[in-house]
Asker: 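Okay, here's the structure, questions in a sec.
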Amino acid sequence: MRRSQFQYLGLVAACAAVTAPLEACLGAKVWRQPVRLASALGPTVAVFVAWDLAAIARGHWSFNPRTTTGWDLPGHLPVEELAFFVVIPTCAILTLEAVRRIFDA
């Protein structure tokens, strides 16, 4: 595999790495409430995965094979895209909760 094939996955991982310390350093308490996190992520992930699958099936949306790993889920959805739908909202929630903790202090 070429190095560029991990570009999308690497960017998603970098977002997770940058916001992960907010849990421990600022006490965001996102990972300590997995049911609450899952209830926030579940509908979002479901809607966007369905949206992407429909767009891929219709030929309206595609992914550059040079910047993705080639590891696809059913419906030709790259694993990177699923990771994006989970990681980016989680990063947003971590950031929001960290900011709340700062302002509440």
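Remember, it's a predicted structure, so these values are computed and weren't measured experimentally.
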Asker: Which atom pairs, donor and acceptor, lie under 3.5 Å between side-chain atoms of residues 96-105 and protein residues at least two apart or in another chain?
Answerer:
unit_1: E97; atom_1: OE2; unit_2: R100; atom_2: NH1; d: 3.0
unit_1: R101; atom_1: NE; unit_2: G27; atom_2: O; d: 3.0

Asker: Any link between L11 and W71 through a network of hydrophobic side chains (Ile, Leu, Val, Met, Phe, Trp, Tyr) touching at under 4.5 Å?
Answerer: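 Not linked; separate clusters.
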
Asker: Looking at side-chain heavy atoms only, is the closest gap between L22 and T19 below 4.5 Å?
Answerer: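 A side-chain contact exists here, since the closest heavy-atom pair is under 4.5 Å.
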
Asker: If only atom types and distance count, is the side chain of Q5 paired as donor or acceptor with the main-chain N or O of G70 below 3.5 Å?
Answerer: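 Absent.
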
Asker: Can you list, pair by pair, the side-chain donor-acceptor contacts under 3.5 Å of residues 39-46, counting residues two or more places apart and other chains?
Answerer:
unit_1: S39; atom_1: OG; unit_2: V35; atom_2: O; d: 3.4
unit_1: S39; atom_1: OG; unit_2: R36; atom_2: O; d: 2.8
unit_1: T44; atom_1: OG1; unit_2: A40; atom_2: O; d: 3.2

Asker: Side-chain heavy atoms nearer than 4.5 Å, only ILVMFWY residues, links allowed to pass through others: does that put W51 and F84 together?
Answerer: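 They do share one cluster, since a chain of ILVMFWY contacts under 4.5 Å joins W51 to F84.
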
Asker: Are V47 and W61 linked, directly or through intermediate hydrophobic residues, by side-chain heavy-atom contacts shorter than 4.5 Å (ILVMFWY only)?
Answerer: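 No, it is not one cluster - the side chains of W61 and V47 are not joined through contacts under 4.5 Å.
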
Asker: Quick check for you: to the nearest 0.5 Å, what is the distance between T90 atom OG1 and E23 atom CD?
Answerer: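 It comes to 11.0 Å.
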
Asker: Has the side chain of T67 got a donor or acceptor atom that lies under 3.5 Å from a matching backbone atom of Q7?
Answerer: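 Absent.
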
Asker: State, yes or no, whether a side-chain contact exists between I88 and C15 at a heavy-atom distance under 4.5 Å.
Answerer: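 Yes; the side chains approach each other to less than 4.5 Å.
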
Asker: Just wondering, more than 12 heavy atoms not from R32 lying within 6.0 Å of its CZ?
Answerer: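 Result for CZ/R32: enclosed.
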
Asker: Could you tell me whether the side chain of F63 reaches within less than 4.5 Å of the side chain of D72, counting heavy atoms only?
Answerer: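 D72 vs F63: side chains apart.
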
Asker: Show which side-chain atoms of residues 73-83 pair as donor or acceptor with protein atoms under 3.5 Å away, not counting sequence neighbours.
Answerer:
unit_1: E80; atom_1: OE2; unit_2: T69; atom_2: N; d: 2.6
unit_1: E80; atom_1: OE2; unit_2: T69; atom_2: OG1; d: 2.9
unit_1: E81; atom_1: OE1; unit_2: Y8; atom_2: OH; d: 2.3

Asker: Can you confirm whether V49 sits close enough to L53 that some side-chain heavy atom of one is under 4.5 Å from a side-chain heavy atom of the other?
Answerer: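 Heavy-atom side-chain distance check passes, below 4.5 Å.
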
